[in-house]
Structure formats: structure tokens, C-alpha cells
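For clarity, every value in this text was computed on a predicted model and none was experimentally measured.
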Amino acid sequence: MAPQLLPKPGEVVNQDFRLPLVAAEQSQERPIKLLQWNIERGYELDKVIQQLRQVDADVLSLQEVDIGCERSSCKDTGAAIAQALQLNYLFVCEFEELHSELRNARSQGGGVHGNAILSKFDFAGWHVLEHSHHPIDWEAAPEAQPHKLAAKEPRRGRRLTLAADVATPQGPLRVYCCHLEVFCGITSRAILGDLNTMAHSVARLSPNYCCDGMRWRSLGSSEAAWWQRHVLAVMEPCPVNSYLLQAGLPQQVAEAAVNPGFFDPFDVNKDVTLDNPAYRIGPIHLMAGKLDWCLLRGMRVLRKQMGNDNYAASDHKWLIVEAITAVLPGKVGVCGASRKANLRAQ
């Protein structure tokens with residue numbers, strides 16, 4: 001049965017499943033192991049837990065966390081992970097997943113859905129960042145929903161970013177976790193979390209996933225490479241992203257799309273994190289790309305790793321970065337996914 005009391009969109013739940021003194025046992029010398037993963041609603045929850053137990057990350061950023069939805073056996077998937085791994089747990093509710101005859105069994109709701117940050121360490125505080133732009137109006141009734149795929153998954157709520165200050169042995173670490181909209185295009189994307197950077201290849205022709213004029217501007221490259229070249233490479237103190245301004249985006253968006261120092265240690269072309277088997281023709285992979293990001297600021301990367309290569313536990317690979325604080329202690333952004341024109345990390 002689904003839980004009696006479910007969080008509402010925008011509400012944060014904190015549960016601490018750690019054993020006493022676990023945080024105190026961590027060495028200041030040891031790098032912090034950060035993990036980013038979209039767990040695909042926890043369909044394969046046991047496999048997710050098994051892989052997470054093996055990698056033993058210190059701080060985890062997870063997207064597509066279900067509570068009480070039929071499609072994921074009405075489980076509290078995030079709390080189950082945190083309890084199994086004995087971690088401190090934050091969950092932000094983004095959506096009430098409405099139970100509806102419009103949904104099929106694999107998407108059936110009845111509960112809530114959101115993102116989570118898990119940690120071996122204390123949380124000094126947390127807050128929710130509101131996005132200034134929402135490509136899909138999820139409050140619209142299905143019959144009034146202009147997006148055909150969105151109409152088949154009725155929900156109430158909005159995309160949000162969870163931010164937490166983690167008290168690591170190396171000092172305070174600010175972690176952002178977000179999952180931005182997939183039913184849109186480049187215009188609405190943000191830099192942090194599961195960034196859904198897929199507006200390339202045959203996805204450009206889709207009326208469902210890449211449906212704004214910006215998709216043609218990434219011709220000749222992946223969308224991840226486009227972000228690297230036209231957003232991440234535009235660094236402060238540059239006052240405005242002139243490329244986006246010339247592309248017709250609003251002045252406010254172009255000013256916000258200036259990178260305050262974040263970088264991703266993974267290769268935007270080679271490090272593919274989603275490869276949909278439904279869009280393969282022999283050796284040709286038509287809809288694949290780097291959708292997931294670990295954006296860091298003020299950290300030095302020692303090692304990096306990817307896993308879930310066979311997509312057995314989720315339709316996304318996980319990313320791990322082992323890093324130490326370097327230039328800007330306490331000013332670090334770490335995320336698992338989706339777009340920056342909506343949001344500026346403070």
C-alpha cells in the first residue's frame with residue numbers, strides 16, 4: 001500500500017538512516033566520492049541498491065525517485081536505498097503522479113516523484129530552488145495538455161532543484177540535484193543534474209523531445225558538445241552570453257547563461273550515459289548521448305568512473321567522481337542532470 005501521508009510538490013523530507021558516529025569515521029585525507037544517477041523510478045530497485053553498495057559513494061545525487069507509485073510497487077524507493085546503505089537522506093517532491101486510465105502499467109502513478117541527495121555526512125542545511133521557466137504546464141488537465149506524451153502521464157507539480165550543504169571532513173560542500181524537462185528542447189535546459197542533453201541525431205526530428213528552434217543550432221555536434229562550447233565555455237567575468245543573445249534568447253537568459261566556474265570531467269562526446277535500444281539499427285545508435293553531468297566548482301578531480309554499462313538497473317549510467325576541495329572551499333556544485341537557462345547557482 002502507498003504511504004498514508006505523501007509530501008506535496010516543493011516539500012522536502014529528511015530521514016537519517018546512519019549508524020552512530022559513521023560521519024566521524026571519515027578521514028580528512030580521503031577524497032570525496034560523488035555519484036550522479038537517474039535511477040529510472042526504481043523499477044529495478046534491488047539492482048540499484050546492489051550497484052550503489054558496491055561503489056560505496058559518500059554523496060549521491062539521484063533523480064526519478066518514486067514514493068507510493070504502482071509502477072514501482074508502491075515503494076518509497078529513495079528511503080529504501082538510504083536505509084539499505086545507512087545514509088542521511090533528503091527528498092524533494094516535484095510531482096503528484098496521478099493515478100489515471102491514461103497511463104499504462106509501466107507509468108502508473110498513485111504516489112509522488114522527485115529527486116534526492118544522500119550522504120554519509122551531516123546536512124548543515126537545505127533549500128529548494130524554483131525554476132524561472134517551465135516548458136510543460138503539468139497543472140493542465142490531460143484534455144488541455146498540448147504535449148501528447150505529457151498528456152499520457154497526468155501529474156501535478158513542477159520541476160525543482162534540491163540544494164544541500166553537506167558537512168564533509170574536507171569542509172562544507174554545496175550539492176545541487178535536479179532533473180530538468182525532457183519534453184522540450186535546448187532553450188529550456190539547465191546545467192545541473194540529469195540535464196537531458198539529447199537534442200541531436202534523430203531526436204532533432206521528434207515533435208516530443210526536441211521541439212524548439214534551437215535544436216538546429218547543434219547541427220554537426222551532440223547537444224552535450226553544444227553546451228560545452230556555447231554555455232560552459234562562456235566564463236565569468238563575461239557579462240552576457242552573446243551567442244545566446246544573437247540566437248534570440250531573452251537578455252535575462254543570456255546573462256544567466258554565463259558559467260561561474262563549473263566544469264564536467266567527463267567527455268561530452270565519448271561518455272554516453274543513455275543509449276536507447278529502441279533506436280538502434282545494427283551498429284548505428286541513433287538516440288544516444290551524454291544526458292547526465294557532474295558539474296564541479298572549486299574541486300580537483302583525482303578519479304572518475306562510469307557504471308551500469310548494460311543498463312540492467314536503469315536506463316541511465318551512473319557517474320562517479322572522486323575529488324578534493326581545491327580553490328573555493330564551500331563553493332562547490334555537484335549535480336545529476338538538466339539545464340541552465342532556467343537557473344543560476346548561487
Side-chain angles (χ1 to χ4, degrees), residues 26-40 42 44-65 78 81-82 84-87 115-121 164 166 168-170 173-179 191-198 222 224-225 227-228 232 262-276 285 288-326 332-338:
Q26 304 297 321
S27 168
Q28 291 183 345
E29 309 275 326
R30 182 167 142 317
I32 302 167
K33 184 182 285 189
L34 308 161
L35 176 137
Q36 152 58 29
W37 199 7
N38 179 324
I39 63 169
E40 196 188 10
E44 299 291 342
L45 185 58
D46 290 342
K47 294 179 181 178
V48 168
I49 291 173
Q50 180 184 20
Q51 292 198 30
L52 291 177
R53 182 176 283 120
Q54 290 173 348
V55 300
D56 190 28
D58 299 316
V59 181
L60 299 79
S61 172
L62 304 180
Q63 297 81 48
E64 293 200 18
V65 176
I81 293 169
L85 303 181
Q86 298 176 344
L87 296 173
N115 305 317
I117 297 173
L118 297 80
S119 174
K120 293 180 179 180
F121 314 120
V166 183
T168 79
Q170 294 185 23
L173 174 70
R174 177 160 292 181
V175 179
Y176 300 89
C177 175
C178 70
H179 182 200
I191 277 188
L192 308 174
D194 167 9
L195 301 186
N196 274 320
T197 37
M198 60 180 291
S222 66
W227 275 91
Q228 180 68 51
L232 290 178
F262 288 98
F263 70 96
D264 187 302
F266 293 91
D267 189 287
V268 293
N269 293 311
K270 296 178 181 178
D271 291 331
V272 170
T273 65
L274 183 142
D275 188 356
N276 193 333
H285 297 215
K290 175 178 166 53
L291 275 66
D292 301 86
W293 297 69
C294 285
L295 291 163
L296 310 177
R297 181 186 178 201
M299 302 193 81
R300 182 161 63 90
V301 175
L302 303 181
R303 287 175 290 276
K304 61 183 180 178
Q305 182 183 358
M306 299 174 64
N308 189 41
D309 292 339
N310 61 359
Y311 300 101
S314 166
D315 60 351
H316 287 245
K317 293 183 182 180
W318 48 256
L319 305 175
I320 281 181
V321 172
E322 294 184 57
I324 58 175
T325 56
V332 183
V334 182
C335 300
S338 297

Which heavy atom in [X] sits nearest to a heavy atom in [Y], and how many Å separate them?
X    : Y    : answer
P265 : C294 : CD-O, 3.3 Å
K120 : A57  : CE-O, 3.4 Å
V65  : G78  : CG1-N, 3.4 Å
A225 : V268 : CA-CG2, 3.8 Å
W37  : K317 : CD1-O, 3.5 Å
S119 : V59  : OG-CG2, 4.1 Å

Next on the checklist: Run the side-chain contact (heavy atoms from CB on, under 4.5 Å) test on L319 and W293 for me, step by step, so that the C-alpha distance in whole Å, both residues' side-chain angles and the decisive distance to 0.1 Å come before the verdict.
Outcome noted: CA-CA 8 Å; L319 305 175; W293 297 69; 5.7 Å; no
Checklist entry - L87 and L60: side-chain contact (heavy atoms from CB on, under 4.5 Å), yes or no, with the steps? => result CA-CA 10 Å; L87 296 173; L60 299 79; 3.7 Å; yes
Checklist entry - Is any side-chain N of the basic residue among D271 and K290 closer than 4.0 Å to the acidic one's carboxylate O? => result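 Looking at D271 and K290, the cut-off is not met.
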Item to check | Presence of salt bridge, K304 and D264, under 4.0 angstrom | outcome: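 No salt bridge links D264 with K304.
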Next on the checklist: I'd like to know whether L291 forms a side-chain contact (heavy atoms from CB on, under 4.5 Å) with N38, so could you lay out the CA-CA distance, the side-chain angles of the two residues, the decisive distance to 0.1 Å, and finally the verdict.
Outcome noted: CA-CA 10 Å; L291 275 66; N38 179 324; over 6 Å; no
[X] versus [Y]: any side-chain heavy-atom pair under 4.5 Å?
X    : Y    : result
Y176 : N115 : no
L62  : V48  : no
D58  : R30  : yes
S314 : Q51  : no
L232 : F263 : no
L296 : L34  : yes

Sidechain-backbone polar pair: [X] side chain, [Y] backbone, donor-acceptor under 3.5 Å:
X    : Y    : value
Q305 : I320 : no
Q170 : T325 : yes
R53  : A84  : yes

Item to check | For E44, side-chain hydrogen bond (donor to acceptor under 3.5 Å, both in side chains) partners two or more places apart | outcome: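 E44 satisfies side-chain hydrogen bond (donor to acceptor under 3.5 Å, both in side chains) with no other residue.
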Checklist entry - Between N308, D275, D292, T273, which is the residue that forms a side-chain hydrogen bond (donor to acceptor under 3.5 Å, both in side chains) with H316? => result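 Testing each of N308, D275, D292, T273 against H316, the sole residue satisfying side-chain hydrogen bond (donor to acceptor under 3.5 Å, both in side chains) is D292.
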Checklist entry - How far does CD of Q54 sit from CG of L52, to the nearest 0.5 angstrom? => result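 So the gap between those two atoms works out to 9.5 Å.
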Checklist entry - Taking atom NZ of K33 and atom CG of L302, what is their separation to the nearest 0.5 Å? => result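 Answer rounded to 0.5 Å: 12.0 Å.
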